[in-house]
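The structure appears below as structure tokens.
Quick note on labels: first sequence line is chain A, next is B, and so on, each numbered from 1. Keep in mind that this is a model prediction, so the values were computed, not measured.
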Amino acid sequence: MILGQEFYFQKTEKVAKELLGKILYFKNDSDKVFSGRIVETEAYTGIEDPAAHSFGDRKTERTKTMYLEGGHAYVYLIYGMYNCLNFVTRYEGHPEAVLIRALEPVHHSSEKPSKKDLHTNGPGKLCRYFGITRKQDGLKLWKKRSGLWVEDDGFQVSPKQIVRAPRIGIDYAGDAALWPLRFYLKDSFWVSRP
DNA sequence: AGTGAGATGGCCT
DNA sequence: GGCCATCTCACTA
């Protein structure tokens with residue numbers, strides 16, 4: 001079942017947690033479909049989160065996507081060469097989002113993990129592998145027609161499997177660097193770091 | 001195992 | 001001009 005827009009209206013931390021185990025799909029311009037099970041996310045909680053682009057209610061050309069209502073994709077360029085995929089959460093004017101940090105390749109789920117399959121164990125890498133760029137910024141995730149959507153295939157995640165930890169790569173954010181807003185599946189081979 | 005540097009360009013003050 | 005929600009490779013040991 002595709003996740004409807006209401007899913008993304010929930011509290012950002014909840015969305016980040018509940019996305020674990022869901023399947024991300026992306027259909028590119030050549031109709032090639034990529035997919036992967038989400039195993040790692042991070043919540044960025046808006047104007048009071050020093051690590052968020054929207055901190056201090058900074059609405060700019062780049063961040064305006066975050067101000068849309070929940071369910072839109074927010075894609076931005078980082079370090080001049082990598083794209084990062086986020087899902088906007090909450091309501092219009094409440095610029096919060098969830099960063100998708102790592103996927104488990106679905107076709108490899110029952111095979112022995114190997115190094116050559118490590119294309120999606122990081123936010124920059126998964127976008128590079130799928131071909132997701134800022135052209136996908138603003139897409140509506142609740143519509144399959146947009147080419148970017150999320151499905152629940154019934155995969156069960158028990159609370160015991162979920163690890164909460166500080167977010168990655170935001171040392172500049174002071175105390176917020178310690179906030180436990182990163183979620184990942186315990187013991188997953190495919191998370192960006194152990 | 002852990003550390004460090006370079007690539008590379010848009011964003012923001 | 002400085003910084004960055006990253007990744008890879010090249011060191012050290």
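Backbone-only contact: Arg134(A) has heavy atoms under 4.0 Å from sugar-phosphate atoms and none from a base.
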Practice problem: Decide yes or no on side chain to side chain donor-acceptor pair (under 3.5 Å) for Glu96(A) and Thr45(A), but give the supporting numbers first. | Solution: CA-CA 5 Å; Glu96(A) 307 190 22; Thr45(A) 58; 5.4 Å; no

Self-check item: Sugar-phosphate or base contact per nucleotide [nucleotides 1-9 of chain C; S, B, -; heavy atom under 4.0 Å]
Solution: ---BBBSS-

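For Arg164(A), the CZ atom is densely surrounded, since the number of other residues' heavy atoms within 6.0 Å is greater than 12. By the 6.0 Å contact criterion, CZ on Phe55(A) is enclosed, its count of non-hydrogen atoms from other residues, nucleotides or ligands being greater than 12.
Using modelled atom types and a 3.5 Å distance limit, the side chains of Glu69(A) and Gln5(A) yield a donor-acceptor pair. A donor-acceptor pair shorter than 3.5 Å cannot be found between the side chains of Tyr8(A) and His72(A).
Nucleotide dC12(B) holds its C1' atom 14 Å from the CZ atom of Phe55(A), rounded to whole Å.
Residue Thr60(A) has a polar side-chain atom (N or O) positioned under 4.0 Å from OP1 or OP2 of dC12(B).
Residues Asp49(A) and Ala43(A) share a closest heavy-atom pair of OD2-O, 4.2 Å. The nearest pair of heavy atoms linking Leu126(A) to Ala102(A) is CD2-N, 3.9 Å.
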Quiz item: Can you give the dot-bracket line for DNA chain B, using ( ) for pairs inside the strand, [ ] for pairs that cross earlier ones, | for pairs with another strand and . for unpaired bases, where Watson-Crick and G-U count if both distances are under 3.5 Å?
Solution: .||||||.||||.

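In terms of hydrophobic clustering, with Ile, Leu, Val, Met, Phe, Trp and Tyr side chains grouped at heavy-atom distances under 4.5 Å, Val163(A) and Trp190(A) are assigned to a common cluster.
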